[in-house]
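A, B, ... follow the sequence lines: proteins, then strands. Residue 1 opens every chain. All heavy atoms count here, side chains included; hydrogens, waters and symmetry mates do not.
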Amino acid sequence: MTETSERTERTWTERYDPASIEPRWQARWSEAATYRTDLDDDSRPKFYLLTMYDYPSGDLHIGHWYVKTPTDAIARFHRMRGENVFMPVGFDAFGLPAENAAIKNKIHPREWTMKNIENMRRQLRSMGATFDWEAEVVTCDPAYYRWNQWLFLEFLKAGLAYRAKAPVDWCPNDGTLAREQVEGTDRRCWRCGATVEKRDLEQWWFRTTQYADELLDFSGIDWPEPVRIMQTNWIGRSEGGEIVFATAPSDHHAGGEELRVFTTRPDTLFGATFMVLAPEHPLVASLTAPERRTDVEGYVARARVATEIERLSADREKTGVPIGADAINPINGERIPLFIADYVLAGYGTGAIMAVPAHDERDFAFATQFGLPIRRVVAAPGTEHAPLDAAFISHAADERLVNSGPYSGMSADEGGRAIVVALAERNAGKAAVTYRIRDWLISRQRYWGTPIPIIHCDRCGAVPVPEDQLPVLLPDTVDYQGSGDNPLTRDEAFLRVKCPNCDGPARRETDTMDTFVDSSWYWFRYLSPEKPDGPIDGAMAARWTPVDQYTGGAEHAVMHLLYSRFFTKAMRDIGLIRESEPFKRLFNQGQILGADGERMSKSRGNVQDPDELVARYGADTVRLFLMFMGPWDQGGPWSPSGIGGVYRFLNRVWAIATDPRGTDQGDQEAGQLPAGQDLDAAEATIRTAAHRTLRDVTIDYEGFRFNTMIAKLMELSNALYRYRGTSAAGGGAWEEAVRLLLLMLAPAAPHMTEELWSRRLSAATVKWTSIHSERWPDVDAAVVVEATREVPVQINGKVRDKVVVPAGVSDADLEQLVLAAPKIQAALAGRTPDRVVVAAGGRLVNLVVRG
RNA sequence: GCCGGAGUGGCGGAAUGGCAGACGCAGUCGACUUAAAAUCGGCAGCCCGCAAGGGCGUGAGGGUUCGAGUCCCUCCUCCGGUACCA
């Protein structure tokens, strides 16, 4: 008995136990309101760190941690650098899944949403993240969405919002369907299986196109190049000309109507051998010849079923029908036939094109299929009569216009300009710019969203709800009748209202807003979430926005991020703010997929619950593992293999910090310095390792390269572990290295480092202060320099030897040292190198030997 | 289809145009243990070889360069977006 207890006493060291450490520190941080940001404190530089708020889906998974815990490490790093960091959190609480859950489980969307938010709050707190919860924003709260309504009305006043028709995917039972609710190639409703049709509805739009050119300008913001490219392509500015064709007279039609087309290639106008109208083009019905009517109407009906992606697919066989009418080419008076085809979209350009099969791939495919003439009008010298087996779309300097009347012989650019000028003189054309981007359709025929504050009056039309009657509350009474259509359309209490203009009977708008409206300005609201008399606090906004750093998924590269830029510019133009861009710096982290490589979701059953992992390893290990897995912008399928290695790492840090003189059973070199090292050498090694790590880790934090940052901390802890139990352990160099290790690890593993820090302070009988309020340490430049370095030597690009040389060696001396190395002499076998390449900085030498 | 991204050991990954495989997982051998677990140390891309050493090797094929995982061209596969999922 006695023997056993003595033995236990001797070998017992306190183990790393996250379960006892983490809740304690989380409670303490919370009590002290450590991360409540003082927004009025301008004694330090401000740093607004925004991470994309979540949709409270109920699929709580490791992916949320993957986004948020590295962001928290960024927050902590910036605080240690002396900045006043604001990192708020909130919930994107309106949207489709809540309604789906409501229909399926007979639970009110609000109840479902709020329950999920509750659970997510608990989870977010368990990360040990430093969110400022007092700034929280929940978008389904009237205190938030009333300002969506207010902004809508302001946009309306400013001409930035308007009403127009737009087609929706429509199911007779479930109403408007989202893209993901339309299934299969035969396009059926996911819920009832009915065939989905298009229906034109009067809907509300935001005029994003007004800012098309400004949105192309990314100067002054530091965003990843892929995002800038995707947004640029999405906006899709193209320069060219608008050309006016006239309809030709025929038996059934007098002719003379204008048919406007946009083309990026006015130079090819002489090559236009037919025209194609979108099936939805307004002139189709009146131009169609009586004998063509059946075919044309059939084709129009089929085109309405196809999706845009299908219609634009270049792979797909071209379809279309002639409408039995002609147009007249304004440049040469030639009659060319008119077709409709679904590869021409009503919403782009003018909804009609001049087809130049010789110089456009899609026109070429169409002409080939329908046996239409293909007339070459651009050619390189000597190729004027070469047959075309594909569209000729090259744009080389030596090419000239051919078969183009007076313009033949001109270059394409020159000819194009001349043709536009000639047409303009006759009012038959002008230079023009078009954009691919369309205005933003914000109407949703759904219940769970912000009601659009409009009242429809038979006499007065669409009347804005007066500002003093905001918010238009979303009624809580929901009658879904088991289908997905919008129950607001059946809610008499909501619908019946007096016209604010004439006091007559009127009807409320039942469309709600796209949830992207909510997310297009939420970072302003975080600064004054309770403000009762306006959407934003101008002074706060001036001080804190734009956001310094935004983090979130790459899936938002275009829509959310473009809408947010649009909103910022629109809010500037209605006088709310001064800046033009929402987010100065953007980082898109990757996405964690399920083990099956699919997106994590409850329905797929591939969700990894972080709670289990936290219970087993602690939050610090989970945080660190997610950061260690790979580059943050990469993501990838979830696999927990490897988390044990991170846990082992933290245990080693624990042992280094709590028990420097301890040794491990089975360690054959326990207590001995490495062979050939005395204490001075050991301390120098330790000090150099610590400061080099600090130098490199600082750079990694700045670039969000957390995986290599942790790898370097592992290397440092491995190096220190080697000295544990030796005469170097616990000495000056050791203590400094441990201090640096804890400080460097603190942003990533906040609980354990706080615990170890407090123990160090109490061991030194110093009053406790948090490690997270420490200043980020400075590198001691003197100890990171190296006296010698190893230079790899290649012969013809293959490494044959390595030589150790003094750090400051000249290139000439380096060359001599390399040529004198025995292995190199042997490999050269008497030959003299034809060339000696010393790579920049003398990092490598390559000997080039010919023959 | 179009726009953007990614493909490197058995696995996750590292590498300003300059030593491919850092760090870790899994594996294996040894130490400690009565034993196992845990822990500590060693080995470890593939092929040939007892070894010394040699050859091959970053999705496929070409190119530029003294030198290519990295730059250029063509192609394949996977991921994100494609305007009503968020």
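- Across the strands present, B:U64 finds no partner; the criterion is a Watson-Crick or G-U wobble pair with both atom distances under 3.5 angstrom.
- Between the A:Trp448 side chain and the A:Ala93 main chain, a donor and an acceptor come within less than 3.5 Å of each other.
- Residue A:Arg599 places at least one side-chain N or O under 4.0 Å from the OP1 or OP2 atom of B:G81.
- Between B:C3, B:A22, B:G54, one nucleotide has an atom nearer to the side chain of A:Glu715 than all others, and that is B:A22.
- Taking the side chain as every heavy atom from C-beta outward, A:Asn148 and A:Trp521 approach each other to under 4.5 Å.
- Partner assigned to B:A6 is B:U77, using Watson-Crick or G-U wobble distances below 3.5 angstrom.
- Distances shorter than 4.0 Å separate none of the side-chain N or O atoms of A:Arg789 from OP1 or OP2 on B:C19.
- Look at A:Asn233 and you won't find any side-chain N or O under 4.0 angstrom from OP1 or OP2 of B:G81.
- Pairing partner, B:G41: B:C29, with both Watson-Crick or wobble hydrogen-bond distances short of 3.5 Å.
- The shortest distance between the side-chain N/O atoms of A:Arg444 and the OP1/OP2 oxygens of B:C84 is below 4.0 Å.
- With a cut-off of 3.5 Å on both pairing distances, B:A52 has no Watson-Crick or G-U wobble partner at all.
- B:A15: no Watson-Crick or G-U partner with both key distances under 3.5 Å is found in any strand.
- The residue A:Ser443 sits close to a base: some heavy atom pair falls under 4.0 Å.
- Closest contact between the side chain of A:Val837 and the listed nucleotides B:C84, B:C66, B:G5 involves B:C66.
- Tested against A:Gln445 for a side chain to side chain donor-acceptor pair (under 3.5 Å), the candidates A:Asp511, A:Thr510, A:Thr512 yield a single pass: A:Asp511.
- In this model, the phosphate group of B:G12 is not approached by any side-chain N or O of A:Ser639 to a distance below 4.0 Å at OP1 or OP2.
- At the phosphate of B:G18, neither OP1 nor OP2 sits under 4.0 Å from any side-chain N or O atom of A:Lys798.
- The phosphate of B:C40 has OP1 or OP2 within less than 4.0 Å of a side-chain N or O from A:Arg652.
- In terms of polar N and O atoms assigned as donor or acceptor, the side chain of A:Gln794 never comes within less than 3.5 Å of the base of B:C66 in a complementary pairing.
- Residues A:Asn486 and A:Arg444 bring no donor and acceptor atom of their side chains to less than 3.5 Å of each other.
- For the C1' atoms, the distance linking B:A31 with B:C56 amounts to 37 Å, nearest Å.
- Among the atoms of the strands shown, base atoms are found under 4.0 Å from some heavy atom of A:Trp234.
- Closest to the A:Gln203 side chain, of the nucleotides B:G4, B:G81, B:C84, is B:C84.
- Comparing A:Ile229 and A:Val799 along RNA chain B, the residue whose closest nucleotide (by nearest heavy atom) sits nearer the 5' end is A:Ile229.
- Nucleic acid contact for A:Val168: base, since at least one base atom lies under 4.0 Å from a heavy atom of the residue.
- For A:Thr708, taking side-chain heavy atoms from C-beta onward, the closest of the listed nucleotides B:U82, B:C19, B:A14 is B:A14.
- We find the CG-CG distance between A:Asp174 and A:Asp169 to be 13.0 Å, quoted to the nearest 0.5 Å.
- Look at A:Gln591 and you won't find any side-chain N or O under 4.0 angstrom from OP1 or OP2 of B:C79.
- Out of B:U82, B:C40, B:C3, the shortest distance to the side chain of A:Arg179 is found at B:U82.
- Two residues are said to be in side-chain contact when any heavy atoms from C-beta on lie closer than 4.5 Å; A:Asp514 and A:Leu441 fail this criterion.
- Side-chain to base pairing of A:Arg446 with B:C84: one donor and one acceptor N or O lie within less than 3.5 Å of each other.
- Among the nucleotides B:G13, B:G24, B:A86, the one closest to any side-chain atom of A:Pro631 is B:G13.
- The partner of B:U82, taking Watson-Crick or G-U wobble pairs whose two distances both stay under 3.5 Å, is B:G1.
- Spacing between B:C23 and B:G62 at atom C1', rounded to whole Å, works out to 35 Å.
- Whole-Å rounding puts the A:Tyr647 OH to B:C23 C1' distance at 20 Å.
- Between the side chain of A:Asn846 and the base of B:C66, at least one donor-acceptor pair of N or O atoms lies under 3.5 Å.
- Within 90° of 0 lies the glycosidic angle of B:G9, which makes this nucleotide syn.
- For B:G24 and B:A14, the C1' atoms lie 11 Å apart once the distance is rounded to whole Å.
- Within the structure, a side-chain polar atom (N or O) of A:Arg835 is placed less than 4.0 Å from OP1 or OP2 of B:C66.
- Residue whose closest nucleotide on RNA chain B sits further toward the 5' end, between A:Val838 and A:Ile710: A:Val838.
- If you look at A:Phe587 and A:Trp632, their ring centroids are closer than 6.0 Å.
- At least one side-chain nitrogen or oxygen of A:Asn707 sits closer than 4.0 Å to the OP1 or OP2 atom of B:A14.
- Closest approach to the A:Arg648 side chain among B:C19, B:U39, B:A86 is made by B:U39 (side chain taken as heavy atoms from C-beta onward).
- Evaluation of atom-type donor-acceptor distances gives no pair under 3.5 Å for the side chain of A:Gln231 against the base of B:C3.
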